[in-house]
Amino acid sequence: MASWIDYTINGLIIGNIYALLAVGLALIFGVSRLINFAHGSVYLVGAYTGFVATTMLNLPLPVTFVFVVVVGALLGLLIERFGLRPLQGYAHIAPLLATIGISFVLDQLVQLTFTATPRALPSELLDKRFQLGSGTIGALDIVIAAVGLTSAALLYFFLRFTQLGWAVRATAQDRDAAQQMGVDVNAVNRTVFAIASGLGAVAGLLVGMYYNYIDPAMSFQATLKGVVAQVVGGVGNVPGAIAGSLLLGLVESYGIALFGTSYRNLFAFVLLIVVLVLRPNGLFASARQTPPEPMTGTFIAPSKPFVLQPRVLIGIAMALALLPAVYPDPYIMQTFTNAWLYGMLGLSLTLIAGTVGMISLGHAALLAIGGYASALLALNFGIPVGFAILCAGVITAALGTLLVFPSFRLRGHYFSIATLAVGEIVSLVILNWESLTRGPIGVSAIPPLSLFGIELESAESVYWFTFAVLVVLVLLQFRLLGSHLGRVMRAVRDDDVAARSYGIRLDRYKALAFAFGSFAAGISGGITAHLYSYINHETFNAQLSILALTIVILGGMGNVTGAVVGSVLLIGLPEVFRVAAEYRVLIYGVVLLLLVRFRPQGLFGTV
C-alpha cells in the first residue's frame with residue numbers, strides 16, 4: 001500500500017511540472033490559436049540556465065529561480081517578437097511550422113554551447129524524505145508542489161483581478177472584438193509569451209533538479225508532454241491544462257508501477273489518441289465548444305508552380321543516371337543515394353500534406369515500419385531482399401493507414417498532433433515488443449541490398465538501384481496527380497466542406513492518399529535498413545519527420561519535382577560541402593524559418 005501512495009505522490013509531483021508547461025501552452029493557444037512547439041526548447045534553456053546559475057555562478061536557490069524565470073520570459077519575448085509576430089495574418093499552420101524551426105535552432109544552440117554530454121543539476125535541498133501516512137515525500141517534492149500551487153494562484157489572481165489579465169481573457173475569447181474595443185493584442189501576446197516561457201523555464205529547472213540530469217535532447221519530450229496534457233484537458237483551457245497534467249502524471253506513474261519505465265511514455269500517447277478520437281475538445285472542455293478551425297489547404301500559398309517540360313526532366317534523369325560512369329566518387333555516390341532515399345520520403349509527405357492537406361508530424365514512423373518489416377522478412381523468413389522491400393512498402397501502406405485512420409475525422413492542429421502521437425507510439429512499441437523487434441538491442445546482421453540474387457556491393461550499383469526506385473515512384477505519383485483521383489484529392493485539400501457537399505467521401509480519399517504515401521516511405525525505410533545492416537528504435541527518430549516536412553516546404557507543397565529537388569538541396573549539399581554534422585540541424589531549422597516567412601510556396605511553387 002505504501003508503494004502505491006508513493007507512486008501517487010510521484011505522479012502528482014510530476015503532474016505539477018507538466019502543469020507549468022501545459023498552462024503556458026494553454027495561455028499561448030488562447031490568445032494566438034497556436035500550439036507552440038518551441039515551448040520545450042524554452043524548458044531546455046531554463047534547465048541549462050539553472051545549471052549555469054547553480055554550478056558556475058553559485059547562486060542560492062531562490063535567486064536561481066528568479067534568474068531562470070527572467071531568462072525564460074526574455075526568450076519568450078524574443079520568440080514572439082521576431083519569430084511569430086511577422087507571421088500575423090498568415091494561416092495558422094505557418095506560425096506552428098515556425099515554432100518547429102525555432103525549436104531546432106534553440107536546441108542546437110544549446111548543444112553547441114554545452115556539448116551533447118549530459119550534465120548533473122544538483123539540488124541544494126536536503127536529500128531527506130518525510131513520512132506522509134504510509135508513504136513518503138521529499139523536500140524537493142514539497143518545493144515542486146509549492147511552486148506549482150503558487151504559480152496557479154498567481155496566474156488566477158492575474159487573470160481575474162488585473163486589467164492586463166482581463167485583456168488576456170478578452171483576447172482569448174474573441175481576438176478581433178478585443179482589438180476593436182481598444183485592447184493592444186500585441187501587448188497581450190508579449191505578456192502571455194513572457195508568462196508562459198517563464199513557467200516553462202522553471203519546469204526545466206525543476207525537472208533537472210528532480211532527476212539530477214539534463215541533456216540537450218530533453219526538449220522534444222517536454223513539448224510532447226505539455227501538448228498531451230493540454231489536449232487531454234482541453235486546448236486553450238487553463239484549468240483543464242492543470243487537470244490534464246495531473247491526470248497524465250498519475251497515468252505515467254501507475255503505468256511504471258504496473259509495467260515498468262519503458263512503458264511510461266506509451267501510456268501518455270495512447271491516452272492522447274483516445275482523447276483526440278473520442279473527445280477532441282478535451283475531457284474538461286465544454287461539449288458545445290466550437291470545433292477547431294480547419295487547416296487543410298490553408299498553408300498552400302497561391303502561386304503558379306514552376307513546371308519543367310517532360311524533355312527537360314528526361315534529360316536531367318539521364319544525366320543523373322550517367323553520373324556514376326562520369327564521376328564514380330564513392331562519397332558522392334553515397335551522398336546522392338541518401339538524397340534519393342529522402343526524396344522517396346519527400347514524395348510520401350508531399351502527397352499527404354501537399355496534395356490532400358494533412359500535415360503529418362510523425363512520418364518517421366512509416367520509415368520505421370518499412371525498415372523493420374523488410375529486415376525481419378529477410379532475416380526470419382529468408383525472403384529475397386528485393387521482394388522483402390516491396391512487401392515492406394505494402395505492409396507500411398496497410399499498417400500506416402490503419403493506425404492513422406481514426407484521426408482522419410480530426411482537423412487543424414489536432415490531426416498533426418495525432419500523427420505525432422502515432423509516431424511516438426510506433427517507436428515505443430518497437431522498443432517494448434522484444435519478441436518481434438528484439439527491443440532495445442535492435443535488429444543486426446540485416447542482409448545487404450541485393451536484386452535477383454545479385455548483391456549490390458559497389459556504391460555505384462546502390463546509387464543506380466535507389467535512383468531507379470525513386471524514378472518509378474515519381475512516375476507513379478505524376479500519374480496519380482494527373483488522374484481524376486488526384487483532382488479529387490486536391491479538392492479535399494482546398495475545401496473539404498465543399499467536397500463533402502458534392503458527395504466525396506473524405507475518409508476514403510484520405511486513406512488512399514495515405515496508403516500511397518506510406519508505400520513510398522516504407523520502400524525508403526526498407527532500403528535504408530539493408531544499407532545500414534543494423535536498426536533500432538532510435539534509427540528513425542522524430543527529427544526525420546520534421547526534416548521531411550522541411551524538404552516538402554522547400555520544394556513546394558504537393559510538387560513532385562520539388563520534393564526531389566528539396567531532398568538534394570537539403571540532404572545532398574551539406575554533405576557535398578562537408579558541413580559539420582552538428583550544424584546540419586541548425587541549418588534545417590533556419591531554412592524552415594526562412595521558407596515559412598519569405599517563400600511559403602516553396603522553390604517550385606505549390607500544385
Side-chain angles (χ1 to χ4, degrees), residues 10 12-25 27-28 36 38-79 103 106-107 109-111 113-115 117-127 137-155 193-226 229 241-242 245-246 248-249:
N10 180 70
L12 292 174
I13 295 302
I14 295 299
N16 263 279
I17 297 176
Y18 291 161
L20 295 174
L21 287 166
V23 165
L25 288 169
L27 285 171
I28 291 172
N36 180 17
H39 207 57
S41 299
V42 176
Y43 160 99
L44 173 67
V45 171
Y48 274 89
T49 301
F51 170 78
V52 170
T54 55
T55 61
M56 298 181 182
L57 303 179
N58 296 316
L59 299 178
L61 187 59
V63 179
T64 298
F65 270 104
V66 174
F67 184 51
V68 168
V69 169
V70 171
V71 170
L74 290 174
L75 180 58
L77 291 173
L78 291 174
I79 291 173
S103 71
L106 289 177
D107 290 355
L109 288 177
V110 169
Q111 182 166 318
T113 303
F114 295 96
T115 75
T117 305
R119 306 295 181 100
L121 181 53
S123 168
E124 297 179 5
L125 300 172
L126 294 175
D127 188 15
I137 185 170
L140 184 56
D141 297 337
I142 296 173
V143 169
I144 292 173
V147 170
L149 292 173
T150 302
S151 300
L154 291 174
L155 185 61
F193 267 88
I195 293 173
S197 299
L199 292 175
V202 169
L205 170 63
L206 291 174
V207 166
M209 293 169 58
Y210 190 78
Y211 293 107
N212 193 24
Y213 176 93
I214 57 174
D215 76 88
M218 63 192 288
S219 70
F220 181 69
Q221 286 297 324
T223 300
L224 291 183
K225 294 304 176 63
I242 296 173
S245 300
L246 296 176
L248 177 61

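This structure is a prediction, so every number in the text was calculated from the model and none was measured.
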Could you walk me through whether Ile14 and Tyr18 satisfy the side chain to side chain contact (heavy atoms under 4.5 Å, CB included) test, starting with their C-alpha distance in whole Å, then the side-chain angles of each, then the deciding distance to 0.1 Å, before giving a yes or no?
CA-CA 6 Å; Ile14 295 299; Tyr18 291 161; 3.4 Å; yes
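A heavy-atom distance below 4.5 Å is found between the side chains of Pro122 and Thr55. Side-chain contact check for Phe220 versus Asp107: every heavy-atom pair is 4.5 Å or farther apart. Side-chain atoms of Ile79 and Leu106, non-hydrogen and from C-beta on, do get closer than 4.5 Å to each other. When side chains are defined from C-beta on, Met209 does not count as touching Val143, because their heavy atoms never get closer than 4.5 Å.
Looking at every heavy atom in both residues, Ile13 comes nearest to Asp141 through CD1-O, 3.3 Å. The shortest heavy-atom contact between Gly72 and Ser197 is O-CB, 3.0 Å. In terms of heavy atoms, His39 sits closest to Leu25 at CB-CD2, 3.7 Å. Smallest separation of non-hydrogen atoms from Ser245 and Ala19: OG-CA, 3.2 Å. Scanning all heavy atoms of the two residues, the minimum distance from Gly40 to Ser219 falls at O-CB, 3.1 Å. Across Thr115 and Pro216, no two heavy atoms sit closer than the pair O-CG, 3.4 Å.
Residues forming a side-chain contact (heavy atoms from CB on, under 4.5 Å) with Ala203 (at least two apart in sequence, or on another chain): Ile17, Leu20, Leu21, Tyr43. With sequence neighbours left out, the side-chain hydrogen bond (donor to acceptor under 3.5 Å, both in side chains) criterion links Asn16 to no other residue.
Put simply, CZ on Phe114 and CD1 on Ile214 are 7.5 Å apart, with the number rounded to the nearest 0.5 Å. In this structure, CG on Leu75 lies 8.5 Å from OG1 on Thr49, to the nearest 0.5 angstrom. Once rounded to the nearest 0.5 Å, the distance linking CZ of Phe193 with CG of Leu77 reads 10.0 Å. A distance of 10.0 Å separates CG in Leu121 from OH in Tyr48, rounded to the nearest 0.5 Å. Atom CG in Asn212 sits 13.0 Å away from atom CZ in Arg119 (nearest 0.5 Å). Taken to the nearest 0.5 Å, the OG1 atom of Thr223 stands 8.0 Å off from the CG atom of Asn36.
Residue pairs satisfying the salt bridge (charged side-chain N to carboxylate O under 4.0 Å, His left out) criterion with at least one member in residues 62-75, sequence neighbours excluded, are absent.
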